[in-house]
Peer 1: 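I'd like to ask some things about the structure below.
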Amino acid sequence: MILSSADFINNDTIYLAQKLIGKYVVRKFANNTLAKYLITEVEAYHSMADKANHARFGKTNRTEVLFKTGGRWYVTLCYGVHYLLNLVTGEEGNPSAVLIRGINEVVGPGKVTKLLKVDRSFNNLEATENNNLWLEDHNFKVQNITALPRVGINYAQEYKDKLWRFKLNNNF
DNA sequence: GGAGTGATGACA
DNA sequence: GTCATCACTCCA
């Protein structure tokens with residue numbers, strides 16, 4: 001079952017992040033081959049109050065897409081080297097997103113985009129088949145989800161210890 | 001443990 | 001315009 005934008009328009013980012021665990025991200029490459037990857041690790045970036053959220057400074061050219069309605073991709077270059085793939089969630093004006101950190105056995109946001117061959121051209125695109133990158137639900141049975149603190153956000157003060165990183169804990 | 005890398009926002 | 005900062009990965 002293909003998930004549509006409407007499935008990601010929900011202001012409860014934490015809830016959506018957990019729901020994304022066990023779903024599949026599907027990539028259609030230039031040569032028309034399909035690749036499906038199980039989402040195993042995500043982080044939630046929730047609202048402007050979240051000091052780890054890129055949108056914490058307000059709306060700018062970079063973060064504009066975060067303020068739009070859910071179901072889009074937010075791709076950003078980090079440290080000049082790695083692309084990070086986020087799914088925008090929430091309603092218009094509520095800057096929230098879920099960072100996809102791990103798929104199948106590949107864990108690490110930079111590795112995810114490398115494997116998926118995702119770059120900034122996907123930024124602001126909707127997660128649909130037409131854009132060659134979308135999400136599907138194949139009724140994967142999630143046994144257990146572990147909540148962890150997020151990574152690399154020591155500057156986020158009281159938000160750095162929030163357990164907004166979720167990891168699939170199934171025994172493969 | 002440490003460097004590389006470049007977009008971004010803050011400030012002048 | 002400059003400057004510091006950063007949601008990471010790789011190679012020691």
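Chain letters run A, B, ... following the sequence lines, proteins first, then strands; residues in each count from 1.
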Peer 1: Identify, between A:His82 and A:Phe57, the residue whose nearest nucleotide on DNA chain B lies closer to the 5' end.
Peer 2: A:His82
Peer 1: If you check every side-chain atom of A:Tyr79, which of C:dC6, C:dT9, B:dA10 has the closest atom?
Peer 2: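 Among the listed nucleotides, the one closest to the side chain of A:Tyr79 is C:dC6.
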Peer 1: I need the CZ-C1' distance between A:Arg101 and C:dT9, as an integer number of Å.
Peer 2: 12 Å
Peer 1: Starting from P on B:dA10, measure out to NE2 on A:His54 and report it in whole angstrom.
Peer 2: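 Spelled out: NE2 on A:His54 to P on B:dA10 is 13 Å.
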Peer 1: Whether A:Arg120 contacts B:dT8 is assessed here as follows: a side-chain N or O lying under 4.0 Å from the phosphate OP1 or OP2. Is that the case?
Peer 2: yes
Peer 1: Please classify the nucleic acid contact of A:Ile153 as base, sugar-phosphate, or nothing, using heavy-atom distances under 4.0 Å.
Peer 2: sugar-phosphate
Peer 1: Nearest 0.5 Å please: distance from the CH2 atom of A:Trp73 over to the CH2 atom of A:Trp134.
Peer 2: 10.5 Å
Peer 1: Tell me: CG of A:Asn123 to P of B:dA7, nearest whole Å?
Peer 2: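 About 14 Å, once rounded to whole Å.
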Peer 1: Calculate the interatomic distance between A:Ile100 atom CD1 and C:dC8 atom P; express it in whole Å.
Peer 2: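 Rounding to the nearest Å, CD1 of A:Ile100 and P of C:dC8 are 15 Å apart.
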Peer 1: From the list B:dG6, C:dC10, C:dC8, which nucleotide is the closest neighbour of the side chain of A:Lys111?
Peer 2: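 So the nucleotide nearest the side chain must be C:dC10.
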Peer 1: In the structure shown, which nucleotide is the Watson-Crick or G-U wobble counterpart of C:dC6, with both distances under 3.5 Å?
Peer 2: B:dG6
Peer 1: Contact class for A:Asn86 (heavy atom, under 4.0 Å): base, sugar-phosphate, or nothing?
Peer 2: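 A:Asn86: base contact, heavy atoms under 4.0 Å.
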Peer 1: May I have the distance from A:Arg62 (atom CZ) to B:dG6 (atom C1'), rounded to whole angstrom?
Peer 2: 11 Å
Peer 1: Would you say the side chains of A:Thr69 and A:Glu92 form a donor-acceptor pair under 3.5 Å?
Peer 2: no
Peer 1: Distance alone, cut at 3.5 Å: any donor-acceptor contact between the side chains of A:Lys68 and A:Asn124?
Peer 2: yes
Peer 1: Rounded to the Å, how far apart are A:Glu41 CD and C:dC8 C1'?
Peer 2: 13 Å
Peer 1: For A:Arg150 and A:Asp50: C-alpha separation, side-chain torsions, deciding distance, then whether salt bridge (charged side-chain N to carboxylate O under 4.0 Å, His left out) applies.
Peer 2: CA-CA 12 Å; A:Arg150 291 175 295 176; A:Asp50 179 1; 2.8 Å; yes
Peer 1: If you round to the nearest 0.5 Å, how far is CD of A:Glu43 from CH2 of A:Trp164?
Peer 2: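 If I round to the nearest 0.5 Å, the distance is 11.5 Å.
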Peer 1: Please give, in whole Å, the distance from B:dG6 P to A:Leu77 CG?
Peer 2: 8 Å
Peer 1: In whole angstrom, give the distance that lies between atom CG of A:Leu85 and atom P of C:dT9.
Peer 2: 13 Å
Peer 1: Establish, with yes or no, whether the OP1 or OP2 oxygen of B:dG9 is under 4.0 angstrom from a side-chain nitrogen or oxygen of A:Arg56.
Peer 2: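 So the side-chain polar atoms of A:Arg56 never come under 4.0 Å of the phosphate oxygens OP1 or OP2 of B:dG9.
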Peer 1: Mind checking A:Thr60 for me? I need base, sugar-phosphate or nothing, with any heavy atom below 4.0 Å counting as a touch.
Peer 2: sugar-phosphate
